[in-house]
Structure formats: C-alpha cells, structure tokens
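Remarks on the structure that follows.
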Amino acid sequence: MKNKTTEKQKSEKILALEKEVALGLWVQVIGQLIEIKGLSGLLYAEDQTDSIGEQQVLAAVWIRTIGQILEAVSVSSQINETDVNRLQQEQKLAITGDLLTAIGAAYEVAGGVCVLEEEAVTARSRIIP
C-alpha cells in the first residue's frame with residue numbers, strides 16, 4: 001500500500017515538473033515574440049531596412065522563434081501522451097525545434113558580426129541582441 005502511494009506521489013511530482021518545463025518554454029516563446037516586435041520596430045524606426053546585418057539578425061530571431069514554438073508545442077503535447085509512437089513523433093518535433101533554435105542563434109551571430117562591420121564603416125552604434 002505504501003509503495004503505491006509513493007509511486008503515485010512520484011508520478012504527480014513528475015507531471016507537475018513536466019508542466020513547469022512546458023510553461024517555461026511558453027514564457028520563452030512570449031519573450032521571443034516581444035523581441036521580434038522590438039527589433040522590427042527598431043529596424044524601421046532607425047530606417048535601417050537596407051542594413052544586411054540588421055535584416056539577418058531579425059531573420060535569425062524569427063528562425064529561433066519558430067524553433068521555440070515547435071519545441072513548446074511538442075513538449076506540451078508530450079505531457080500525458082500514452083501512445084508510444086505519438087510520443088516519439090513529439091520528441092522528434094522537439095528536437096527539430098531545438099535544431100531551428102540553434103541554427104537561428106548561429107545565424108544571429110553572423111548577423112551581429114555584420115552589424116559590427118557596418119558600424120565600423122558608418123561610425124553609428126546600434127543594439128545587437
């Protein structure tokens with residue numbers, strides 16, 4: 001009897017932690033969307049639409065955001081999933097989201113370097129996220 005109670009408590013704790021992870025991922029998605037809004041506004045407010053580096057940074061943030069959304073959706077779907085095949089598909093989707101996030105981050109680094117190079121020519125400083 002005690003063993004069943006302990007197992008049930010452990011299962012409930014794991015479920016609560018999984019939900020916490022999913023919530024954290026959704027908070028990151030909201031942060032990404034706020035960052036996109038701000039970066040887009042800066043790009044147009046500073047009239048930097050011709051800046052290759054700025055455009056690259058914005059595109060990179062979009063790529064990261066799409067990856068983050070995929071991961072958040074996937075992790076949320078994994079919670080309480082009982083079908084093993086469906087669970088594996090969701091896990092693969094989460095990994096794909098991670099991959100997109102990593103690619104976006106790498107692309108953002110390249111864009112940031114480009115912005116630095118552009119600033120050296122124009123002697124104008126801009127934010128690099």
Side-chain angles (χ1 to χ4, degrees):
M1 181 73 167
K2 186 176 181 180
N3 194 22
K4 278 189 174 185
T5 303
T6 305
E7 283 299 315
K8 184 177 181 187
Q9 289 173 340
K10 183 178 177 181
S11 294
E12 289 173 356
K13 175 80 171 175
I14 289 171
L15 180 60
L17 291 169
E18 288 173 344
K19 288 179 179 179
E20 192 174 306
V21 169
L23 176 62
L25 290 170
W26 284 110
V27 169
Q28 288 178 28
V29 167
I30 292 167
Q32 291 286 129
L33 293 171
I34 292 168
E35 183 179 4
I36 286 172
K37 182 183 180 296
L39 286 174
S40 297
L42 281 172
L43 186 68
Y44 292 103
E46 293 177 346
D47 199 27
Q48 295 296 320
T49 54
D50 61 338
S51 168
I52 300 296
E54 296 279 349
Q55 290 175 1
Q56 189 171 347
V57 167
L58 184 59
V61 174
W62 270 107
I63 293 168
R64 282 190 305 135
T65 302
I66 292 167
Q68 195 69 46
I69 290 169
L70 285 176
E71 185 179 10
V73 167
S74 169
V75 168
S76 295
S77 295
Q78 289 177 52
I79 298 172
N80 293 324
E81 182 58 62
T82 57
D83 183 308
V84 174
N85 291 328
R86 177 91 172 127
L87 181 62
Q88 287 179 341
Q89 290 299 326
E90 292 299 335
Q91 290 170 334
K92 289 176 185 178
L93 185 61
I95 292 167
T96 301
D98 284 336
L99 177 62
L100 282 173
T101 301
I103 290 169
Y107 195 56
E108 187 174 358
V109 167
V113 169
C114 188
V115 169
L116 281 176
E117 291 171 353
E118 291 170 355
E119 286 179 356
V121 173
T122 63
R124 183 164 185 249
S125 274
R126 297 181 297 244
I127 187 172
I128 299 175

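Model, not experiment: these values are computed from the prediction. Side chains included, hydrogens not; waters and symmetry mates left out as well; all remaining heavy atoms used.
Side-chain heavy atoms closer than 4.5 Å link hydrophobic residues (I, L, V, M, F, W, Y) into clusters, and following such links, even through other members, never connects Ile66 to Val61. No continuous path of ILVMFWY side-chain contacts below 4.5 Å connects Val57 to Tyr107, so the two sit in separate hydrophobic clusters.
For residues 88-105, every residue pair satisfying the salt bridge (Lys or Arg N to Asp or Glu O under 4.0 Å) rule, not counting sequence neighbours, is listed here: Arg86-Glu90. Sorted by first then second residue, the salt bridge (Lys or Arg N to Asp or Glu O under 4.0 Å) pairs that include residues 60-74, not counting sequence neighbours, are Glu35-Arg64, Arg64-Glu108. Pairs of residues two or more places apart, or lying in two chains, never qualify as salt bridge (Lys or Arg N to Asp or Glu O under 4.0 Å) while including a residue from residues 18-32.
Note that the CD1 atom of Ile69 and the OG1 atom of Thr101 stand 10.0 Å from one another [nearest 0.5 Å]. Rounding to the nearest 0.5 Å places NZ of Lys37 at 10.0 Å from CG of Leu42. Atom CG of Leu17 and atom CD1 of Ile79 lie 10.5 Å apart (nearest 0.5 Å). Here the CG-CD1 distance, from Leu99 to Ile63, works out to 10.5 Å after rounding to the nearest 0.5 Å.
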### Message
Lys10 vs Thr6, test: side chain to side chain contact (heavy atoms under 4.5 Å, CB included). Steps then yes/no.
### Response
CA-CA 6 Å; Lys10 183 178 177 181; Thr6 305; 5.6 Å; no

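Residues Leu15 and Asn80 meet the side-chain proximity criterion, which asks for heavy atoms closer than 4.5 Å. No side-chain heavy atom of Tyr44 sits under 4.5 Å from any side-chain heavy atom of Leu39. Using a 4.5 Å cut-off on side-chain heavy atoms (C-beta onward), Glu117 and Val113 make contact.
Among residues two or more places apart in sequence or in another chain, the side chain to side chain donor-acceptor pair (under 3.5 Å) test is passed with Thr65 by Gln32. Judged as a side chain to side chain donor-acceptor pair (under 3.5 Å), and not counting sequence neighbours, Trp62 has no contacts. The side chain to side chain donor-acceptor pair (under 3.5 Å) test applied to Ser77 returns no partner, not counting sequence neighbours.
The shortest heavy-atom contact between Gly67 and Leu100 is CA-CB, 3.7 Å. Listed here is the closest heavy atom pair of Gln56 and Gly111: NE2-N, 3.5 Å. When all heavy atoms are compared, the tightest approach of Ser76 to Ala22 is OG-CB, 3.9 Å. The heavy-atom pair separating Ala72 from Val29 by the smallest distance is CB-CG2, 4.0 Å. Ser40 and Leu58 make their closest contact through OG-CD1, 3.6 Å (heavy atoms, listed as atom of the first residue, atom of the second, distance).
One side chain, Ser74 or Gln78, offers a donor N or O that lies under 3.5 Å from an acceptor on the other.
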